[in-house]
**Student:** 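Structure incoming, see below.
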Amino acid sequence: MSFTVEERGNPNTLSYRLFFKNADGKYVSPFHDIPMYADESQNIFHMVVEVPRWTNAKMEIATKDPLNPIKQDVKKGNLRYVANVFPHKGYIWNYGAIPQTWEDPGHKDEDTDCCGDNDPIDVCEIGTKVCSRGEVIKVKVLGVLAMIDEGETDWKVIAINVEDPEAKDLNNIGDIQRLKPGYLEATVDWFRRYKVPDGKPENHFAFNGKFKDKEFAIETIKSTHGFWKALISQKTNSGGLNCKNTCVSAGDSPFCCSTDEAKAVIEGVSTFCFSMAMDKWFYYEKE
């Protein structure tokens, strides 16, 4: 199963969008139409890459937009970039999401005692390759970190591209500690501090900031897939999310999007506008 992207608008502008097509050239939603599993028997998952490693633009699947293209997050009318909090430069992994998952804001997690953040579950891919924005890769799950972001559960799955040369040696969270010493600690540090330059407090974590293992991570992903199933079958209030899709819903579903409707969604561009915010480095004293 392969997917391609169609770029609309210019990067670093409010109108920039990255739409997805399947192998038949049909527009699809990366949130709803791309299967969660690449190989269910081997617990191999699809990952939609939103942010390539070392980059700063805070790109994300637009869960409230028709067909859920990737776009840059906006706050108070301004495009968002993550700061380079010393010693980090941009995102320190390929960052993205697992399709057909949803962290339900109406469900309080028994481990974190917080409700979900209303997004697909996040993934940090730790392989050697810098992926491309919009790339759909197959990943092996290694563990998960339970971040608490402004009172919401925000799981961070740790995974590796199955095609990475290191994938055969990385099978659980302990292998990362052994073969990539310092990477897990850097990951916790990054997530703890990345919002501080925006004037926000440090983030906190369940389990005292310890990573849970592969089995726990897979069960967490399956749980969020169950929440997504309830969402797409209208058993749960969508809460403003756009569930339009071209492949998953039956023709009588209000979420079913025709080919003509999908094409009508793909529209206009605006002018290029570059920001230097991504090239600054931010220092602050740790508590």
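Along the sequence shown, residues carry numbers from 1.
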**Student:** Of Glu50, Lys156, Glu60, which meets side-chain hydrogen bond (donor to acceptor under 3.5 Å, both in side chains) against Tyr95?
**Tutor:** Lys156

**Student:** Would you say Thr187's side chain and Tyr183's backbone share a donor-acceptor pair under 3.5 angstrom?
**Tutor:**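 Yes: the side chain of Thr187 pairs with the backbone of Tyr183.
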
**Student:** Does the pair Asp65/Lys71 count as a salt bridge with the N-to-O cut at 4.0 Å?
**Tutor:** yes

**Student:** Taking Asp189 for its side chain and Arg193 for its backbone only, find out whether a donor-acceptor pair lies under 3.5 Å.
**Tutor:** no

**Student:** Dump the intermediate steps for salt bridge (charged side-chain N to carboxylate O under 4.0 Å, His left out) on Lys26 and Asp33, then the final yes or no.
**Tutor:** CA-CA 11 Å; Lys26 185 177 185 178; Asp33 289 317; over 6 Å; no

**Student:** Which pair of heavy atoms, one from Lys89 and one from Trp54, lies closest together, and at what distance?
**Tutor:** NZ-O, 3.1 Å

**Student:** Does the Ser233 side chain pair with the main chain of Lys229, one donor and one acceptor, at a distance under 3.5 Å?
**Tutor:** yes

**Student:** Remaining members of Ile218's ILVMFWY cluster at a side-chain heavy-atom cut-off under 4.5 Å?
**Tutor:** Met36, Tyr37, Phe45, Met47, Val49, Ile98, Ile121, Val123, Ile137, Val139, Val141, Val144, Trp155, Val157, Phe207, Phe216, Ile221

**Student:** Do other residues, nucleotides or ligands put more than 12 heavy atoms under 6.0 Å from Lys64 NZ?
**Tutor:**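 Counting neighbours around NZ of Lys64, 12 or fewer heavy atoms of other residues, nucleotides or ligands fall under 6.0 Å, so no.
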
**Student:** With distance as the sole criterion, is a donor-acceptor pair present between the side chains of Glu6 and Tyr27 under 3.5 Å?
**Tutor:**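 Yes, a side-chain donor-acceptor pair sits under 3.5 Å.
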
**Student:** If we only count heavy atoms from C-beta on, is the Tyr16 to Glu7 side-chain gap below 4.5 Å?
**Tutor:** yes

**Student:** With sequence neighbours left out, what residues match Ser238 under side chain to side chain donor-acceptor pair (under 3.5 Å)?
**Tutor:**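 Ser238 satisfies side chain to side chain donor-acceptor pair (under 3.5 Å) with no other residue.
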
**Student:** Would you call the rings of Phe3 and His46 parallel, tilted or perpendicular if under 30° counts as parallel and over 60° as perpendicular?
**Tutor:** perpendicular

**Student:** Output, in order, the C-alpha distance, side-chain angles, deciding distance and verdict of salt bridge (charged side-chain N to carboxylate O under 4.0 Å, His left out) for Asp175 and Arg178.
**Tutor:** CA-CA 5 Å; Asp175 295 329; Arg178 178 171 55 87; 3.1 Å; yes

**Student:** Would you tell me whether Asn68 and Ser29 have side-chain atoms, one donor and one acceptor, within less than 3.5 Å of each other?
**Tutor:**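 Looking only at side-chain atoms, Ser29 and Asn68 do form a donor-acceptor pair, the distance falling under 3.5 Å.
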
**Student:** Check the angle between the aromatic planes of Trp190 and Tyr91 and answer parallel, tilted or perpendicular using the 30° and 60° thresholds.
**Tutor:**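 Aromatic pair Trp190/Tyr91 classed tilted.
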
**Student:** Hey, are Asn171 and Lys140 close enough side-chain-wise for a donor-acceptor pair under 3.5 Å?
**Tutor:**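 On atom types as modelled, these side chains qualify, holding a pair under 3.5 Å.
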
**Student:** Linking Ile, Leu, Val, Met, Phe, Trp and Tyr through side-chain heavy atoms less than 4.5 Å apart, which residues share a cluster with Val162?
**Tutor:**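 Under the 4.5 Å side-chain rule, Val162 groups with Ile44.
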
**Student:** Could you check whether any side-chain N or O of Gln72 sits under 3.5 Å from a backbone N or O of Met59, counting only pairs where one atom can act as donor and the other as acceptor?
**Tutor:** no

**Student:** Evaluate Asp164 against Lys129 for salt bridge (charged side-chain N to carboxylate O under 4.0 Å, His left out), listing each step before the verdict.
**Tutor:** CA-CA 7 Å; Asp164 193 275; Lys129 176 188 174 183; over 6 Å; no

**Student:** Working note: Arg133 + Glu135, criterion salt bridge (charged side-chain N to carboxylate O under 4.0 Å, His left out); need CA distance, chi angles, decisive distance, verdict.
**Tutor:** CA-CA 6 Å; Arg133 181 183 299 159; Glu135 192 172 352; over 6 Å; no

**Student:** Short question: side chain of Asn94, backbone of Cys131 - any donor-acceptor pair under 3.5 Å?
**Tutor:** yes

**Student:** In this structure, is the centre-to-centre distance between the rings of Phe31 and Trp102 below 6.0 Å?
**Tutor:** no

**Student:** So that I can tick it off, tell me whether Lys195 and Glu150 are bridged by a salt bridge, with the cut-off set at under 4.0 angstrom between side-chain N and carboxylate O.
**Tutor:**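 Salt bridge present between Glu150 and Lys195.
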
**Student:** Can you tell if the side chain of Thr112 reaches within under 4.5 Å of the side chain of Phe205, non-hydrogen atoms only?
**Tutor:**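 Counting from C-beta outward, Thr112 and Phe205 never come under 4.5 Å.
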
